[in-house]
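Since the structure comes first, as structure tokens, the remarks are kept for the end.
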Amino acid sequence: MLGWPVGHSRSPAIQNAALHAAGLAGWRYQLLPVAPALFSETVTALAPAGFRGANVTIPHKQAALELAHERSARARAIGAANTLTFAPDRTISAENTDAPALIAALPFPVAGRSALVLGAGGSARAAVWALLHAGAAQVCVWNRNPERAVALCEQLGGAPVRRAAPADLLVNCTSVGLAGSPPAFAALPVSEADLTGYGCVVDLVYVPGETDLIRAARARAVATVDGLELLVGQGALSFTLFTGRPAPVAQMRAAARGA
């Protein structure tokens, strides 16, 4: 797992549980904190060092796509990759498993529904593309820097907004909720009371327990999807890309919740 920072990630617990369940005793998954200035040289050194692949998180998802020799149609369309695989000839392939994991985790079909996506980074790009690709009728995008929301929508579709409005789905793709970030309802354009205006609240952030956003939504009987469920979903797809085997999802989910 490549990121900066990356110490909070539960991916090693999830992926190593999957490797054990699949009987891949010679495999190991680890964290690798990489500053942006060192990302390119680090990635190109992984295949010669014996690595089969890597997951990529903040802030490297767009850089990962640019670095790859081969890019899936989905990753190209999104403009960001969260999974890299390394061929024996050192060819680097890029894929985005965030998008299908989001759609699979939702409690209702997206087609014909409305959504508000918070953020404009790599994860937000995956969310916007996934929702539009799945037939959402309207996808609005908010970012604290409005110009970034405008740029994302110009590239992928959707409508940039400066204020939050009720929708069927609210998806938090910002880092608000991680340790060291400002309080959720001070940094996001919604209040706790506003959450009843959404049919489902999705938070890509995961922390011990629950994020304030997920906790507040559940307290108001709003359906939720937390970051751990999304992490397991995208990790299961990445596992298959790395190993060529079906992912043992039940063991991965148990490891995520127990880590």
Side-chain angles (χ1 to χ4, degrees), residues 1-36 38-72 74-75 78 80-102 104-105 122-123 126 204 206-208 226-259:
M1 168 61 79
L2 307 173
W4 189 259
V6 76
H8 68 283
S9 177
R10 299 193 192 182
S11 288
I14 295 169
Q15 295 289 354
N16 284 320
L19 293 171
H20 177 76
L24 296 171
W27 292 59
R28 182 166 59 93
Y29 188 100
Q30 65 189 61
L31 293 180
L32 187 57
V34 182
L38 300 175
F39 182 74
S40 178
E41 65 182 89
T42 300
V43 170
T44 54
L46 291 177
F51 285 84
R52 180 66 182 86
N55 285 127
V56 181
T57 189
I58 296 172
H60 302 313
K61 292 185 178 183
Q62 287 167 280
L65 181 73
E66 294 168 3
L67 184 64
H69 304 105
E70 298 178 355
R71 306 167 181 89
S72 73
R74 178 167 56 216
I78 292 169
N82 75 318
T83 305
L84 299 175
T85 52
F86 311 126
D89 65 359
R90 301 186 184 181
T91 297
I92 301 172
S93 298
E95 179 57 278
N96 191 302
T97 65
D98 287 332
L102 171 63
S123 296
L204 273 64
Y206 58 90
V207 295
D226 67 12
L228 282 181
E229 188 61 30
L230 295 169
L231 183 67
V232 169
Q234 65 84 14
L237 296 170
S238 294
F239 177 90
T240 298
L241 291 173
F242 296 150
T243 66
R245 301 193 183 191
V249 176
Q251 289 89 338
M252 297 175 81
R253 184 174 288 114
R257 301 292 174 185

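All heavy atoms count here, side chains included; hydrogens, waters and symmetry mates do not.
Two residues are said to be in side-chain contact when any heavy atoms from C-beta on lie closer than 4.5 Å; W27 and T243 meet this criterion. Residues I92 and E70 have side chains not in contact (no heavy-atom distance under 4.5 Å, counting atoms from C-beta outward). No side-chain heavy atom of T91 sits less than 4.5 Å from a side-chain heavy atom of F86. The side-chain heavy atoms of L231 and R10, taken from C-beta on, include a pair separated by under 4.5 Å. In this structure, the side chains of P48 and R90 come closer than 4.5 Å at one or more pairs of heavy atoms. You'll find the side chain of N96 stays beyond 4.5 Å of the side chain of T83, heavy atoms only. A heavy-atom distance below 4.5 Å is found between the side chains of P100 and L237.
With sequence neighbours excluded, no residue forms a salt bridge (charged side-chain N to carboxylate O under 4.0 Å, His left out) with R52. With sequence neighbours excluded, the residues forming a side chain to side chain contact (heavy atoms under 4.5 Å, CB included) with P33 are W4, V6, listed by chain and number.
Under 4.0 Å is where a charged nitrogen must lie from a carboxylate oxygen, and between R74 and D98 no such pair does. In this structure, E66 does not pair ionically with R71, as no charged nitrogen and carboxylate oxygen lie closer than 4.0 Å.
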Below 3.5 Å, can you tabulate the donor-acceptor pairs from side chains in residues 13-23 to any protein atom, sequence neighbours excluded?
unit_1, atom_1, unit_2, atom_2, d
Q15, NE2, G235, O, 3.1
N16, OD1, Y29, N, 2.9
N16, ND2, P12, O, 3.0
N16, ND2, Y29, O, 3.0

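Put simply, the side chain of N82 gets close to the backbone of T97: a donor and an acceptor are under 3.5 Å apart. Side-chain atoms of S72 never come within 3.5 Å of backbone atoms of E95 as a donor-acceptor pair (strictly under, hydrogens ignored). Judged by distance alone, the side chain of T44 and the main-chain N or O of S40 form a donor-acceptor pair under 3.5 Å.
Rounded to the nearest 0.5 angstrom, S11 OG and L31 CG are separated by 7.5 Å.
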Can Q251 and R253 be said to form a side chain to side chain donor-acceptor pair (under 3.5 Å), step by step? CA-CA 5 Å; Q251 289 89 338; R253 184 174 288 114; over 6 Å; no
Apply side-chain contact (heavy atoms from CB on, under 4.5 Å) to residues Q234 and E229 and explain how you reach the verdict. CA-CA 9 Å; Q234 65 84 14; E229 188 61 30; over 6 Å; no
>> Would S123 and K61 count as a side-chain contact (heavy atoms from CB on, under 4.5 Å) here? Give the steps.
In response: CA-CA 8 Å; S123 296; K61 292 185 178 183; 2.9 Å; yes
* Asked: Checking side chain to side chain donor-acceptor pair (under 3.5 Å) for the pair N55/S238: CA distance, chi angles, key distance, verdict?
  -> CA-CA 8 Å; N55 285 127; S238 294; 2.9 Å; yes
| said: M1 vs T57, test: side-chain contact (heavy atoms from CB on, under 4.5 Å). Steps then yes/no. | reply: CA-CA 7 Å; M1 168 61 79; T57 189; 3.8 Å; yes
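Ring geometry for H60 versus F39: interplanar angle under 30°, hence parallel rather than tilted (30 to 60°).
Looking at every heavy atom in both residues, T42 comes nearest to V34 through OG1-CG1, 3.7 Å.
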